[in-house]
Each structure stands twice: as C-alpha cells, then as structure tokens.
Amino acid sequence: MTLRALIFDVDGTLAETEETHRQAFNETFAKRGLPWSWTADNYRRLLEVTGGKERIRHFIATQNPPGGPDAISAIPALHAEKTIRYAELIDAGAAAARPGVVRLVQEARAEGLKVAIATTTSQPNVVAILRAMFGPDGESLFDVIGAGDVVPRKKPAPDIFQWTLRRLNLSPAEAIALEDSANGVQAALGAGIAVVTTPSLYSIGQDFTGSLAVLSDLGEPDRPYRHLAGTGAESGWVTPAALRYWLAAA
C-alpha cells in the first residue's frame, strides 16, 4: 500500500503540553475552592486514564479527595473551566512544538499527503495548540480532526483512529500514526495502523512494543533525533520519504 496520510496525536506528540494541562487542572480546582493539587508524580499515574473528565472521575474514585463525592456532578463544568484556562495558557506561549513537527506537517502537505489529528483531548484544546503552532489558520492545515467525545471509547481503544480513517476514506495500511504514549500506540495498532513513537516527558519508560520506530523526537536537519528502537537508525530526521520507506520495509 502507498502511504497517503499522517495521523498525529496531540498532547505530548505535537507539543509537551501535559504540564500545561496539569497547571490548568490545579488552577481550576483552586478557583472552585477544591483542596486538590495534582503533583507531577500523581499526574503521571492519572495519565494512564485518557480523557480529562475521565481522569477527574478516576481521581475521585481511587483517591477519595476532600469534597470528592460532592464534586462528581460538577465534573463537566470543572472540565469546561479547565479547558478555557488551558487555552489561555497556550495562547500565552506555554507550549512550543516538539522538534520536527511543524516541518513534517508542512512537508507532508507539500507532497500531497493528507494530515489528520486523532486525540482524546477536547476540540477546543486542539484548536488552541494548532493556533499556537501554526498561526490563526492552523486548524485548516488538517484534513480531519478527531477529538474529544466523537467516539464512545478513548485510547487505548482504537475508536478514534477508526473514526479518523473513515473520514479520510483510507485503509489502515495507507496511514502512519505519530504517538507518544503506550495508550496511543495500543490504539493505533488496534486500528491496524503502523505507528512511530516519540516519547514525551510524561511517557518516557512506557511500553511501546509494536512501534515501527521509537525516536527521541521527529528531528531536524540541524538537530537529529536519537534512535531508541525499531527502524530509523540510519536517519536523523523524519521525512515523508523516510516514512514511506519504513512502511514499505515493514
């Protein structure tokens, strides 16, 4: 099959955004008068649950924080407020694109590849990060954006990738997913899509078994990636040509 599309995750893949998410959660909790503060270590564990609303619900169920039972009904409102605060932080420059991301998106589009998003984060969060990375028309660079609650099950379920493929009108063999987490890798592989993994600050050390390649990042000509596992040891930065070669060789 010929490579026809790249499908990007967002948080941790396009940019190191998870620390910004954690800050937005904690500021929202404080604004609501909730005595909750997610440490980096606690948040790392909470990230095993995908989806912000799901993460709050899991936190209440497993850690029994003060005021937790009374806050359950307020989870949708809490998450909505957190999303607004996250967008404000991103607009203020809280997160920058990871190496190679902007270049690869531009190269893919220049070569006629479709470019899409498949993420469990909410649509407003996606719009905020694309605007910060690519400018006011960043959203228009992507042929399909699969985000938030458009599917019933979130990663590691394959639903969001399957949804995205249907709207791209492509088979799994015609796409490569770009991910940063074990949940994302499992979701992509579950949909039958080859995946290139660039671990992020919060996913280093996870199990990326099945990845076509595991790299420190996507690399730049003046800043090559570090090869961690799989194919790609001979390259220094990810290009559409390299991805075509890796997919064909696989």
Side-chain angles (χ1 to χ4, degrees), residues 8-96 117-133 136 138-139 142 144-161 163-164 167 180-181 183-184 187 200-203:
F8 288 83
D9 173 52
V10 173
D11 292 316
T13 300
L14 294 185
E16 291 282 7
T17 52
E18 292 297 2
E19 191 61 15
T20 308
H21 280 291
R22 186 174 75 89
Q23 179 182 346
F25 274 118
N26 285 338
E27 290 183 6
T28 301
F29 298 153
K31 184 178 179 181
R32 279 277 186 142
L34 293 166
W36 307 345
S37 182
W38 289 354
T39 66
D41 285 343
N42 194 16
Y43 191 59
R44 187 183 305 276
R45 292 189 292 271
L46 289 170
L47 282 172
E48 295 175 6
V49 178
T50 53
K53 294 186 291 294
E54 293 81 359
R55 201 167 294 140
I56 298 172
R57 192 170 292 110
H58 178 79
F59 168 70
I60 293 171
T62 60
Q63 301 189 32
N64 193 29
D70 294 334
I72 290 175
S73 62
I75 287 175
L78 269 173
H79 187 257
E81 291 176 20
K82 175 262 172 184
T83 297
I84 292 171
R85 181 54 184 149
Y86 172 83
E88 292 172 346
L89 292 169
I90 292 297
D91 287 343
I117 294 287
T119 181
T120 57
T121 198
S122 63
Q123 182 85 10
N125 288 344
V126 176
V127 172
I129 195 66
L130 295 183
R131 182 173 60 238
M133 289 175 58
E139 190 177 356
F142 292 81
V144 173
I145 295 178
D149 299 321
V150 297
V151 292
R153 299 185 303 165
K154 295 186 177 180
K155 299 174 185 177
D159 302 36
I160 191 63
F161 282 108
W163 185 94
T164 303
R167 277 147 187 81
D180 76 299
S181 70
N183 279 335
S200 62
L201 293 174
Y202 273 96
S203 67

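Values below: every heavy atom of this structure, side chains too, minus hydrogens, waters and symmetry copies. Because the structure is a prediction, the values reported are computed rather than measured.
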Inset, instruction - Please confirm whether the backbone N or O of L201 pairs with a side-chain atom of E18, one donor and one acceptor, at under 3.5 Å? - result: no
Inset, instruction - Identify whether the distance between the nearest side-chain nitrogen and carboxylate oxygen of K31 and E81 falls below 4.0 Å. - result: no
Inset, instruction - State, with a plain yes or no, whether a side-chain heavy atom of D149 is found less than 4.5 Å away from one of Q123. - result: no
Inset, instruction - Decide yes or no on side-chain hydrogen bond (donor to acceptor under 3.5 Å, both in side chains) for Q23 and E19, but give the supporting numbers first. - result: CA-CA 6 Å; Q23 179 182 346; E19 191 61 15; over 6 Å; no
Legend entry - Nearest-0.5 Å distance, CG of residue L34 to CG of residue D70: 9.5 Å
Legend entry - Side-chain (T50) to main-chain (K155) donor-acceptor, under 3.5 angstrom: yes
Inset, instruction - Mind listing the closest non-hydrogen atom pair of N183 and L47 along with its distance? - result: ND2-O, 3.9 Å
Legend entry - Minimum-distance pair of heavy atoms, taken over all atoms of G51 and T120: N-OG1, 4.1 Å
Legend entry - CG-CD distance between L46 and Q63, expressed to the nearest 0.5 angstrom: 5.5 Å
Inset, instruction - Answer yes when K154 and E54 have at least one side-chain N-carboxylate O distance shorter than 4.0 Å, and no when they do not. - result: yes
Inset, instruction - Taking all heavy atoms of I160 and all of G146, pick out the closest pair and write down the distance. - result: CD1-C, 3.6 Å
Inset, instruction - Dump the intermediate steps for side-chain contact (heavy atoms from CB on, under 4.5 Å) on W163 and V144, then the final yes or no. - result: CA-CA 10 Å; W163 185 94; V144 173; 3.8 Å; yes
Inset, instruction - Rounded to the nearest 0.5 Å, what's the gap from NE2 on H79 to CG on N125? Could you check? - result: 6.5 Å
Legend entry - Side chains of F29 and S37 in contact at under 4.5 Å (non-hydrogen atoms): no
Inset, instruction - Can you spot which of T13, L14, D9 makes a side chain to side chain contact (heavy atoms under 4.5 Å, CB included) with I117? - result: L14
Legend entry - Smallest separation among heavy atoms of R131 and P136, with atom names: CG-CA, 4.2 Å
Legend entry - Exam field: side chain R22 to backbone W38, donor-acceptor pair closer than 3.5 Å: yes
Inset, instruction - Please check if the side chain of S203 supplies one atom and the backbone of D180 the other of a donor-acceptor pair under 3.5 Å. - result: yes
Legend entry - Point-to-point distance, once rounded to the nearest 0.5 Å, from OG1 of T121 to OH of Y86: 6.0 Å
Inset, instruction - Measure across P35 and P66 and return the closest heavy-atom pair with its distance rounded to 0.1 Å. - result: CG-CB, 3.8 Å
Legend entry - Considering all heavy atoms, the nearest Y43-H21 contact: OH-CB, 3.4 Å
Inset, instruction - Determine whether the side chains of T39 and N42 contain a donor N or O and an acceptor N or O closer than 3.5 Å. - result: no
Inset, instruction - Any chance you could measure I56, atom CD1, to H58, atom NE2, to the nearest 0.5 Å? - result: 12.5 Å
Inset, instruction - Can you spot which of V150, V127, L130 makes a side chain to side chain contact (heavy atoms under 4.5 Å, CB included) with I145? - result: L130
Legend entry - N/O donor-acceptor pair under 3.5 Å between R55 side chain and V49 backbone: yes
Inset, instruction - Using only heavy-atom distances, determine whether the side chains of T17 and T20 contain a donor-acceptor pair under 3.5 Å. - result: no
Legend entry - Close aromatic pair by centroid cut-off 6.0 Å: F25 and W36: no
